[in-house]
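One structure is given below, encoded as structure tokens.
Sequential numbering from 1 along the given sequence is applied to the chain's residues. Both backbone and side-chain heavy atoms feed into the values below; hydrogens, waters and symmetry mates do not. Because the structure is a prediction, the values reported are computed rather than measured.
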Amino acid sequence: MNTIDSTSDQRTANNAVRHTYRTLTDAEKAQMQEVKDMGAAFIGKLHEIGGTDPSGDRLASRDLALAQTHAEDAVMRAVRHITA
């Protein structure tokens, strides 16, 4: 499977929903990467709190799983704002 970095201007190549994109500024690309890094760090902390394997997809409790879901949603919405 080919992958495209989320900050690449080629990120639209395999997207079936949004058909037009604007080119992001370097500052917007940096913001998007920072938000995603913050989300990944938070999810890593959830695994640490629960004592679960960060490379796995299971968390120790429903509450931690919900926290991860909300973190993913927060990251998605922030990125959507940046890229709108």
On a heavy-atom basis, the closest approach of Val75 and Gly39 is CG2-CA, 3.7 Å
Asp37 meets the salt bridge (charged side-chain N to carboxylate O under 4.0 Å, His left out) criterion, sequence neighbours left out, with none
Nearest heavy-atom contact between Gly50 and Ala60 is O-CB, 3.4 Å
Residues passing the salt bridge (charged side-chain N to carboxylate O under 4.0 Å, His left out) test with Lys45, sequence neighbours excluded, are Glu48
Note: with side-chain heavy atoms under 4.5 Å as the link, the other cluster members for Leu64 come out as Phe42, Leu46, Ile49, Leu59
Quiz item: Considering residues, nucleotides and ligands other than Gln33, do more than 12 of their heavy atoms fall under 6.0 Å from its CD?
Solution: yes
The salt bridge (charged side-chain N to carboxylate O under 4.0 Å, His left out) partners of Glu28 (sequence neighbours excluded) come to Arg22
When every non-hydrogen atom of Ile82 is compared with those of Leu24, the smallest separation belongs to O-CD2, 4.3 Å
In short, side chain to side chain donor-acceptor pair (under 3.5 Å) pairs touching residues 49-63 with sequence neighbours left out are His47-Thr52, Asp53-Ser55
Between the CD atom in Glu72 and the CE atom in Met76, the distance rounded to the nearest 0.5 Å is 10.0 Å
Sorted by chain and number, sequence neighbours left out, side-chain hydrogen bond (donor to acceptor under 3.5 Å, both in side chains) with Gln31 holds for none
